[in-house]
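Quick caveat, the model's predicted, so the values are computed rather than measured. Chain naming here is simple, since letters A, B, ... match the order of the sequence lines and numbering starts at 1 in each.
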Protein chains: 2
Amino acid sequence: MEEKCLLILTDKITKNSYKLTGPRLAILDYLAHEKGHHDIMDIYEKIRLKNESIGMATIYRTIDLFLELGIVRVLTLKNSQPCFEINWPDDHHHHLVCTECGHIIEFGSCNFKLIVGEIEKVTCFRVEEHTLEAYGLCPKCAQSRDVYSTEKM
Amino acid sequence: MEEKCLLILTDKITKNSYKLTGPRLAILDYLAHEKGHHDIMDIYEKIRLKNESIGMATIYRTIDLFLELGIVRVLTLKNSQPCFEINWPDDHHHHLVCTECGHIIEFGSCNFKLIVGEIEKVTCFRVEEHTLEAYGLCPKCAQSRDVYSTEKM
DNA sequence: CTGACTGCAAAGATTTTGCAACATA
DNA sequence: TATGTTGCAAAATCTTTGCAGTCAG
């Protein structure tokens, strides 16, 4: 299943007559198989460790290309470098960022259609894409904060 | 009215025993009175033009302070530098970014409460803040695109 | 074979830091 | 007056560019 999805992504490269090169596959492979959100430095270091020699410039150029082709999505959160994640087909989701521990939870079911309707009616803006990030406390941090305040009483 | 709001903001500076200095007032004044979203360079250049000498370092330090005090909000959009805007009391809004002309429309009435409830129920995450950006076509660009496709038929 | 692609190193941009001079409370 | 704050210049980061060698199609 995941392999089938990967094929869709590599197809985007070849169908647009870009070449399927070592560095491109290495970056795609890393992002596809490592959970989480990775910044440029992550990608660089992890691929270096795994064996292959790759330059920072190539990472920047490849990520630009992948963004253009819709192979990856960028996540720009407050107080951090831009991170990247695979743009799996039909995987629309948002991010809940814990301000305490930095943990990022993905939230899939998005009822944003309701809001889009409202926006389009009120502003005549034609929404094609959207990003939504919520900041707050993840379950673990929320709980320990509650315990802490109870103790203080 | 706006002056009263400004007072609330300068109060945040003094109440936290920070000093009300020339550069801080200049930046606050610029952001408060110039419409739109301004990046570091904007702020630097516009204040320089107006007369006063100010250093980039001061802008960075002041914006950091303002963010910390909740005097400004940061807007990190795709393909652009972080921009800043005054965080007026009770002015919660989101941004509709035209991918054609770059125009940014602010959208006030946010029905996000519906979604927050859903998120908190499903994930046990405690949402304290959120940002939402929609990308698409502003009314003007949407219209000219429609005209264009009609002409082609 | 050939043009797209790469790694490297150098250039360019952006952001942070150290410090002496200054200005606010 | 005393300490927080500033501008400047230098340092540290981050990103882009130029180019000769390489490799996928």
_Just checking B:Asn79: does its CG atom have more than 12 heavy atoms from other residues, nucleotides or ligands closer to it than 6.0 angstrom?_
no

*Side-chain contact test, heavy atoms from C-beta onward, threshold under 4.5 Å: evaluate it for B:Val127 versus A:Leu137 and give yes or no.*
no

*Applying side chain to side chain donor-acceptor pair (under 3.5 Å), name anything that partners B:Glu129, two or more places apart in sequence or on another chain.*
A:Lys78

_Parallel, tilted or perpendicular, as decided by the 30° and 60° cut-offs, for the rings of B:His130 and B:His94_ = tilted

*First and last nucleotide of DNA chain C touching chain B, 5' to 3', heavy-atom cut-off 4.0 Å?*
C:dT14 to C:dA25

*Can you name the side chain to side chain donor-acceptor pair (under 3.5 Å) partners of A:Glu100, sequence neighbours left out?*
A:Arg145

_A:Tyr44: side chain to side chain donor-acceptor pair (under 3.5 Å) partners, not counting sequence neighbours_ = A:Arg48

*Rest of the hydrophobic cluster containing A:Leu49 (Ile/Leu/Val/Met/Phe/Trp/Tyr, side-chain heavy atoms under 4.5 Å)?*
none

Please set out all donor-acceptor pairs under 3.5 angstrom arising from side-chain atoms of residues 33-42 of chain A, sequence neighbours excluded.
from	atom 1	to	atom 2	distance (Å)
A:His33	ND1	A:Glu2	OE2	3.3
A:His33	NE2	A:Asp29	OD1	3.3
A:His37	NE2	A:Glu85	OE1	3.0
A:His37	NE2	A:His95	NE2	3.1
A:His37	NE2	A:Glu106	OE2	3.3
A:His38	ND1	A:Tyr30	OH	3.1
A:His38	NE2	A:Glu34	O	3.1
A:His38	NE2	A:Lys35	O	3.1
A:Asp39	OD1	A:Met41	N	3.2
A:Asp39	OD1	A:Asp42	N	2.9
A:Asp42	OD2	A:Asp39	N	3.3

*Using rotation axes that map the C1' atoms of four end pairs onto the next four (five pairs an end), what angle separates the end axes of the helix from C:dC1-D:dG25 to C:dA25-D:dT1, to 10°?*
50°

*On DNA chain D, reading 5' to 3', which nucleotide is the first and which the last to sit with an atom under 4.0 Å from a heavy atom of chain A, could you check?*
D:dC14 to D:dG25

*Scan residues 7-29 of chain B against DNA chain C and write down, sorted by residue number, each residue with any heavy atom closer than 4.0 Å; if none is found, say none.*
B:Lys19, B:Leu20

*When you measure from every atom of DNA chain C, which of residues 58-77 of chain A have a heavy atom less than 4.0 Å away?*
A:Thr58, A:Arg61

_Hydrophobic cluster identity match, A:Val97 and B:Leu132, side-chain contacts under 4.5 Å_ = no

*B:Ser144 side chain to B:Lys140 backbone, donor-acceptor under 3.5 Å*: yes

_Qualifying salt bridge (Lys or Arg N to Asp or Glu O under 4.0 Å) pairs, either residue in residues 86-97 of chain B, two or more places apart_ = none

*asked:* Taking side chain to side chain contact (heavy atoms under 4.5 Å, CB included) as the definition, give me every residue that meets it alongside A:Leu65, ordered by chain and number, with sequence neighbours left out.
replied: A:Tyr18, A:Arg24, A:Leu69

*asked:* Using a 4.0 Å heavy-atom cut-off, does A:Ile40 contact any base of the nucleic acid, only the sugar-phosphate backbone, or nothing at all?
replied: nothing

*Test item: B:Cys138 and B:Leu96 side chains (from C-beta on) under 4.5 Å apart, heavy atoms*: no

*Does the side chain of B:Ile86 come within less than 4.5 Å of B:Leu28's, by heavy atoms?*
yes

*Considering all heavy atoms of both residues, which atom of B:Leu6 and which atom of B:Trp88 are nearest to each other, and what is their separation?*
N-CZ3, 4.1 Å

